[in-house]
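Residues: numbered from 1 along the sequence shown.
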Amino acid sequence: LAAARDAALRRIARAQPDFAQAGQAERTARVAALAQIPPAEAQRFMSAGANLPGAEFIRAMHTAQRIHAALERGAR
């Protein structure tokens with residue numbers, strides 16, 4: 001999960017150079033808008049730890065997949 005999150009955040013930072021300097025709330029809002037997900041879901045994804053229970057892990061990976069898909073659509 002950490003690798004998927006970090007990869008997504010690196011790709012966003014490349015596309016939006018000011019992303020890394022933005023505050024946590026602004027980064028969360030940008031991720032939510034990019035992936036068209038609720039801000040709360042983006043926040044959970046960005047702050048997820050390594051030891052999530054099964055259902056939480058699956059939800060976080062689904063969010064990661066949605067974010068990566070949005071990044072792929074934007075790259076075309």
Side-chain angles (χ1 to χ4, degrees):
L1 177 60
R5 178 185 54 227
D6 293 346
L9 296 178
R10 279 192 306 273
R11 286 184 68 185
I12 295 169
R14 280 195 300 273
Q16 302 176 11
D18 63 335
F19 182 80
Q21 286 75 33
Q24 181 67 25
E26 175 67 19
R27 287 192 308 267
T28 299
R30 290 186 192 189
V31 170
L34 173 75
Q36 299 176 344
I37 60 176
E41 187 176 347
Q43 178 59 40
R44 279 191 304 273
F45 171 72
M46 292 176 66
S47 63
N51 296 321
L52 294 176
E56 285 294 315
F57 177 79
I58 291 169
R59 271 193 292 277
M61 290 307 295
H62 178 71
T63 299
Q65 184 178 28
R66 291 173 67 187
I67 293 168
H68 281 277
L71 288 165
E72 285 298 317
R73 284 191 304 273
R76 294 179 190 179

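- In this structure Asp18 satisfies the salt bridge (charged side-chain N to carboxylate O under 4.0 Å, His left out) test together with Arg30, sequence neighbours excluded.
- The two residues His68 and Arg11 make their nearest non-hydrogen contact at ND1-NH1, 4.1 Å.
- Closest approach of Ala64 to Phe45, counting heavy atoms only: CB-CE1, 3.4 Å.
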Should Phe19 and Leu9 be marked as a side-chain contact (heavy atoms from CB on, under 4.5 Å) after you check the CA-CA gap, both sets of side-chain angles, and the distance that decides it? CA-CA 9 Å; Phe19 182 80; Leu9 296 178; 3.9 Å; yes
Phe57 and Met61: CA distance, side-chain angles, deciding distance, side-chain contact (heavy atoms from CB on, under 4.5 Å) verdict: CA-CA 6 Å; Phe57 177 79; Met61 290 307 295; 3.6 Å; yes
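- The side-chain hydrogen bond (donor to acceptor under 3.5 Å, both in side chains) search around Arg10 returns none, not counting sequence neighbours.
- The number of heavy-atom neighbours closer than 6.0 Å to CD of Gln24, taken from other residues, nucleotides and ligands shown, is above 12.
- Glu26 CD to Gln21 CD: the interatomic distance, rounded to the nearest 0.5 Å, is 12.0 Å.
- Ala70 and Ala35 make their closest contact through CB-CA, 3.9 Å (heavy atoms, listed as atom of the first residue, atom of the second, distance).
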Check step by step if side-chain contact (heavy atoms from CB on, under 4.5 Å) holds for Arg66 and Glu41. CA-CA 11 Å; Arg66 291 173 67 187; Glu41 187 176 347; 3.3 Å; yes
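- Residue Leu34 holds its CG atom at 5.0 Å from CG of Leu71, rounded to the nearest 0.5 Å.
- A salt bridge links Arg59 with Glu56: at least one charged nitrogen is closer than 4.0 Å to a carboxylate oxygen.
- Of the inter-residue distances, the one linking Ile12 atom CD1 with Ile67 atom CD1 reads 6.5 Å to the nearest 0.5 angstrom.
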Take Met46 and Thr28 through the test side-chain contact (heavy atoms from CB on, under 4.5 Å) and record every step on the way to the result. CA-CA 8 Å; Met46 292 176 66; Thr28 299; 3.8 Å; yes
